[in-house]
Amino acid sequence: MRFVKEAFQENWLSTVGPHITAFEKEFEAYVGLPAAALASGTAAIHLGLRLLGVGPGDEVFCPTLTFVATANPIQYLGARPVFLDSDSTTWNLDPDLLADALRDRARTNSLPKAVIVVHLFGQCADMSPILEACERYSIPVLEDAAEALGSTYKGRPAGSFGDVAAFSFNGNKIITTSGGGMLVSRNREWVDRARFWATQARDAGIEYCHSEIGHNYRMSNVLAGIGRGQMKVLPRRVKQRRAIAHRYRKALSDLPGISFMPQAGYGLHTNWLSCLLINESEFGCSRDELIHRLDTADIESRPVWKPMHLQPLYSSLPRYRGEVAEDLFRRGICLPSSSSLSRSDQQRVISEIAQAAAYSKSRLAHCAASVGYRFATDSD
Ligand SMILES: Cc1ncc(COP(=O)(O)O)c(C=O)c1O
């Protein structure tokens with residue numbers, strides 16, 4: 001509130017002002033790379049791909065299991081996404097599949113212009129083998145770290161591995177500016193270029209002269225003020241999200257047919273969203289039935305992202321496999337995970353899921369009895 005008030009008092013309300021510069025500096029100190037504050041994470045991906053030289057006719061490799069905002073900027077640039085499946089141990093881009101796909105493309109001299117890696121739900125993809133595969137063919141990497149601010153891989157922050165990375169401060173993210181994004185790169189000139197493009201690419205001088213196409217993609221000083229305040233609470237937010245995930249695990253892991261998103265040993269998973277898979281035959285009801293039951297109890301939950309190759313928008317595009325992502329989508333549910341979720345509200349979510357399991361079990365037993373089948377009991 002203090003930073004926002006300052007923005008109003010000093011009358012810096014638009015896309016120039018001291019909070020923007022300060023927010024970028026503070027973000028740079030956190031991630032360790034120069035940063036440009038933008039209007040959204042999508043804008044950061046768009047400008048990031050532009051920095052990597054993606055243009056009409058190019059192809060860009062992209063995980064199929066993600067939010068659509070990862071893939072759309074590829075099309076904004078006239079290029080074409082090629083979708084790759086996930087690894088079931090991280091839910092992120094499968095490094096072995098990526099290596100195979102790149103080898104396949106090298107053989108036919110049709111390598112992609114860039115590879116996008118997404119860090120889903122607060123967990124980093126396995127970056128070492130991914131970077132190794134890309135370096136072999138000199139393919140640049142864009143990290144979509146929209147969901148992963150605060151997470152680490154081998155001790156380093158998400159977003160510090162690729163040639164360029166994008167973060168989001170959308171309202172649902174671990175910290176927010178109401179809407180906003182950040183582009184980072186170790187190449188300071190690229191970050192300056194992104195800032196230039198984000199402010200309509202106006203050439204130096206008093207005339208409104210433009211030699212390149214630009215965008216209206218800059219963050220406002222008011223929102224940067226919110227971002228500065230949010231950076232101060234980021235470590236606390238990470239702790240809160242992890243505590244929520246821990247409580248869900250403790251309470252629900254023993255229920256039949258539930259398996260939580262794996263927590264890879266190579267880094268810190270913020271658990272921006274707490275996600276789990278439902279095995280219908282063991283749990284007794286499907287993922288959709290569980291979502292419906294929670295909804296009836298006024299609890300909002302969501303399916304895991306619908307893979308891009310299943311989207312009407314993208315179903316005709318080339319891909320490398322997709323069955324792992326399809327399974328995660330079909331069985332995956334994201335539970336209420338907001339940092340402000342109270343213990344009693346979380347307990348209500350837990351109780352509803354436990355009751356759904358118990359109800360499903362008794363319903364199954366009832367159906368089985370009516371056809372003369374007896375389930376094993378603890379005393380058997
Ligand atoms: C994986 C992923 N990429 C990109 C975005 C886009 O970010 P924004 O909403 O800030 O444009 C989001 C979230 O919205 C996201 O979850």
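In listed order, ligands and their atoms are each counted from 1. Basis for what follows: all heavy atoms, side chains included, without hydrogens, waters or symmetry-related copies. The first residue of the sequence shown is numbered 1, and numbering continues consecutively from there.
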Is Trp305 in polar range of ligand 1, meaning some N or O pair under 3.5 Å apart? no

If you measure every N/O of Ala146 against every N/O of ligand 1, is any gap under 3.5 Å? no

Close-contact set for ligand 1 against [X] heavy atoms, below 4.0 Å:
X: Ala69; result: 4 (C), 5 (C), 6 (C)
X: Thr70; result: 1 (C), 3 (N)
X: Ser40; result: 10 (O), 11 (O)
X: Asn170; result: 9 (O), 10 (O), 14 (O)
X: Gly180; result: 10 (O)

Is NZ or CZ of Arg287 both nearer than 6.0 Å to the six-membered ring centre of Phe329 and within 45° of the ring axis? yes

Report yes or no: is the cationic atom of Arg202 (NZ for Lys, CZ for Arg) closer than 6.0 Å to the six-membered ring centre of Tyr208, at no more than 45° off its axis? yes

Should the ring pair Tyr217 and His215 be called parallel, tilted or perpendicular, given that the plane angle runs from 0 to 90° and is split at 30 and 60? parallel

Specify whether Phe167 and Phe27 have parallel, tilted or perpendicular ring planes, treating 30° as the upper limit for parallel and 60° as the lower limit for perpendicular. perpendicular

Between Thr90 and Asp126, does any side-chain donor sit less than 3.5 Å from a side-chain acceptor? no

Check whether the side chains of Glu143 and His119 place a donor and an acceptor atom closer than 3.5 Å, and report yes or no. yes

Ring centres of [X] and [Y] under 6.0 Å apart?
X: Tyr153; Y: Phe161; answer: yes
X: Phe23; Y: Phe169; answer: yes
X: Tyr320; Y: Phe83; answer: no

Check contact between Ile45 and ligand 1, using heavy atoms of the residue and a distance below 4.0 angstrom. yes

Counting only heavy atoms, which portion of Thr66 has something under 4.0 Å from ligand 1: side chain, backbone, both, or neither? side chain

For [atom], which protein heavy atom lies nearest, and how many Å away is it?
atom: atom 16 (O) of ligand 1; result: Glu147 OE2, 2.6 Å
atom: atom 14 (O) of ligand 1; result: Lys173 NZ, 3.0 Å
atom: atom 11 (O) of ligand 1; result: Thr42 OG1, 2.4 Å
atom: atom 3 (N) of ligand 1; result: Asp144 OD2, 2.7 Å

